[in-house]
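First up is the structure itself, then whatever we jot down about it.
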Amino acid sequence: MTDSQHNDVVVLGAGVSGIYQIKRLTDLGLDAIVLEADEDLGGTWYRNRYPGARFDSESYTYGYSFSKELLDEWHWKERFSPQPENLRYLNYVADKFDLRRHMRFGARVVGMSWDEEGRRWHLHLQGGETRTARFVVTSVGVLSIPALPEYEGLDDFEGDAFHTYWWPKEPVPLAGRRAGVIGTGATGIQVIAEIAGQVADLTVFQRRPNWSTPLNNAPISEAEMDGIRARYDEIFANCASTAGGFEHLADRRGFWNVSREERVALWDRLYETPGFALLAGNFPEIYFDEAANREISDYVADRIRRRVNDPAVAEKLIPKDHGFGTQRLPLETHYFEAYNRDDVHLVDLRETPIERFTSNGIQTSVAHHDLDLIVLATGFDAITGAFDRIRIRGTEGRLLSDKWRDGPSTYLGLLTHGFPNMLMVAGPQSVSGSTNFPRAIEGGVDWVTALLAFAYEHGHTRLEVHAEAERDWVEEVKRIHEGLLLRRSRGWFTGYNANVAGHGAGRVRYQAYFGGAPRYAQFLARAAAGGYPRIEKS
Ligand code: NA7
């Protein structure tokens with residue numbers, strides 16, 4: 001045991017949000033430190049090194065907006081930048097602003113308990129070290145706890161097997177190998193499209209297909225980048241004005257006010273437009289009107305049929321259990337064409353389930369698939385998983401994981417009653433999980449920073465949100481959720497992952513706020529106005 005060290009603020013996690021949070025706190029002159037469990041910074045972009053990992057957000061909408069100098073210096077090389085470049089970017093930011101000196105790596109916080117008398121948090125690190133902090137800001141990520149499937153014999157497999165999140169730093173040989181991919185979410189779809197043709201043979205084990213539309217990636221030349229730099233103010237203003245935090249503007253003509261031909265003309269154009277165009281540039285009715293949603297779903301299904309040669313395979317790739325845009329939409333590059341290759345095979349796990357892993361492959365109910373490499377793209381214990389991994393004890397010794405057993409309960413995703421002085425950036429029930437991540441976390445970090453500045457200015461050493469304010473927010477989260485077709489979907493947005501105990505049982509966890517970025521920003525502004533009236537301060 002080493003002696004306890006104290007800071008004004010401890011930030012948990014050095015990913016996209018932790019990096020910006022420490023910048024703002026140290027600019028304020030607070031004594032703040034980031035504790036990061038990994039051996040370096042970057043979070044999602046440090047971890048996810050699997051082939052094909054890249055942004056689905058336009059790169060220039062993903063970068064930080066806080067520094068004009070940074071915006072002027074950085075050249076995004078591709079419209080949707082790949083993982084190695086994204087990690088370089090985050091390192092560049094940390095080095096440019098000299099933030100590493102405020103970060104400690106290999107520092108995993110496993111417990112945190114509130115000391116009412118001392119008005120501080122006691123933090124317990126793996127290895128026995130303890131520290132204290134007046135305030136703790138969690139920036140632990142929404143997709144930072146991978147979920148492994150519970151197949152029999154998982155450990156018997158003697159080839160290489162990796163969850164995509166834990167993909168090794170050293171290159172994994174692909175040429176000449178027989179690969180299997182389990183999972184067809186955003187990650188699986190990126191991996192499959194990337195390694196098809198690189199490996200000798202690829203078998204995709206699909207439980208449920210996802211809707212997916214073309215990414216339409218392209219390089220960004222120097223001249224284009226100059227144009228983007230000149231437009232940054234407009235780009236960020238556009239992002240702030242749209243529900244998803246992207247530049248794509250929804251079509252407000254009214255789904256039923258235009259003819260079917262006009263709708264299809266729009267969709268034809270959006271299908272060829274980069275990024276989430278077909279999702280975010282569409283008629284808002286597709287999110288809540290069943291008939292509208294059916295029509296766009298049929299349109300995207302036809303697109304899939306046109307791209308996949310074998311009609312039986314095409315049908316298996318078309319979701320039948322959820323409509324377009326009601327789960328997180330994966331974006332793809334020649335994904336559907338991969339299935340036209342002789343060396344790519346689709347196994348439908350609903351027809352022929354996996355029975356077990358063997359020493360040299362996967363046994364389904366009808367066949368054994370010989371494999372050298374298995375890619376587990378099986379998703380995450382999303383949004384609340386990272387909180388559950390820390391034993392967080394609030395007032396009266398109550399555990400946060402007990403409070404949130406049936407789903408999180410927060411005020412704006414930023415605070416939770418009974419856990420004073422704990423602030424969450426990208427917390428559950430914020431828009432961070434449901435919109436363009438950096439755009440959302442900048443708003444969250446700025447809000448948290450302003451609250452802390454307010455507290456220090458007024459000499460407050462204890463901040464706790466009123467229970468009633470939290471109830472009101474949870475009601476808002478539920479009300480928005482229930483008005484959308486996504487309420488019936490089974491993706492991580494709504495808290496489902498059958499690999500996480502209790503999260504696949506058909507019970508919705510209101511984990512994210514789907515009211516959109518502008519509405520959320522209004523709530524943030526109102527919450528701060530008049531000196532944070534719904535937060536008890538002393
Ligand atoms: P997702 O979107 O949660 O996808 C996980 C996929 O893995 C999904 O297709 C699952 O099928 C499948 N899965 C999970 N467990 C199993 C088992 N046991 N057997 C077969 N298939 C399984 O995670 P991603 O990593 O793709 O994406 C997460 C986010 O990262 C993404 O949205 C981006 O924001 C970045 P299911 O649908 O449950 O039937």
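For this chain, numbers begin at 1 and follow the sequence in order. Just follow the structure's listing: the first ligand is 1, and inside any ligand the first atom is 1.
If you check which protein heavy atom lies closest to atom 4 (O) of ligand 1, you get Gly185 CA, 3.5 Å. Protein heavy atom in closest approach to atom 33 (C) of ligand 1: Arg328 NH2, 3.2 Å. Given atom 35 (C) of ligand 1, the protein heavy atom at minimum distance is Leu143 CD1, 4.0 Å. Protein heavy atom closest to atom 12 (C) of ligand 1, with residue, atom name and distance, is Gly183 CA, 3.6 Å. Among all non-hydrogen protein atoms, the one lying nearest atom 13 (N) of ligand 1 is Arg207 NH2, 3.7 Å. Residue, atom and distance of the protein heavy atom nearest to atom 9 (O) of ligand 1 are Thr184 N, 2.9 Å. Ranking the protein heavy atoms by distance from atom 15 (N) of ligand 1 puts Asn499 ND2, 2.6 Å first. With hydrogens left out, the protein atom closest to atom 32 (O) of ligand 1 is Trp492 NE1, 2.8 Å, a heavy atom.
With a heavy-atom cut-off of 4.0 Å, Arg208 touches ligand 1 through backbone and side chain alike. Contacts of Ile182 with ligand 1, taken as heavy-atom pairs under 4.0 Å, involve the side chain alone. Using a 4.0 Å cut-off between heavy atoms, Phe380 contacts ligand 1 through its side chain alone, with no backbone atom that close. Heavy atoms of Tyr151 found under 4.0 angstrom from ligand 1 belong exclusively to the side chain.
Ring to ring, Tyr339 and Tyr335 are close: their centroids are under 6.0 angstrom apart. Note: Trp492 and Phe380 fail the aromatic proximity criterion, with ring centroids not under 6.0 Å apart. In summary, the aromatic rings of Tyr50 and His163 are positioned with their centroids too far apart to meet the 6.0 Å limit. Outside the 6.0 Å centre-distance limit, the rings of Tyr62 and Phe437 are not counted as a close aromatic pair.
Here's the thing with Asn210: none of its N/O atoms is less than 3.5 angstrom from an N/O atom of ligand 1. Taking only nitrogen or oxygen atoms, main chain and side chain alike, Leu349 does not reach within less than 3.5 Å of ligand 1. Taking distance alone, with nitrogen or oxygen atoms compared against 3.5 Å, Thr187 approaches ligand 1 more closely than that limit.
Relative ring orientation between Phe523 and Trp473 is described as perpendicular, the plane-to-plane angle rising above 60° on a 0-90° scale split at 30° and 60°. Relative orientation of the Tyr513 and Tyr520 rings is tilted, given thresholds of 30° and 60° on the angle between their planes. Ring geometry for Tyr151 versus Phe357: interplanar angle under 30°, hence parallel rather than tilted (30 to 60°).
When the heavy atoms of Ala498, Gly379, Ala53, Pro319 are ranked by distance to atom 3 (O) of ligand 1, first place goes to Gly379. Considering each of Pro209, Ala186, Pro353, Gly188, the one bringing a non-hydrogen atom nearest atom 31 (C) of ligand 1 is Ala186.
Scanning all heavy atoms of the two residues, the minimum distance from Gly245 to Ala517 falls at N-CB, 4.5 Å. The nearest pair of heavy atoms linking Phe55 to Leu215 is O-CD1, 4.1 Å.
Atoms of ligand 1 lying under 4.0 Å from at least one heavy atom of Pro149, given by number and element, are 18 (N).
Side-chain atoms of Ser365 do not come within 3.5 Å of backbone N or O of Glu355 as any donor-acceptor pair.
By the 4.0 Å heavy-atom criterion, Ala377 is counted among the residues contacting ligand 1.
Here Glu315 pairs with Arg305 in a salt bridge; the nearest charged N to carboxylate O distance falls below 4.0 Å.
How far CD of Glu247 is from OG of Ser241: 9.0 Å, rounded to the nearest 0.5 Å.
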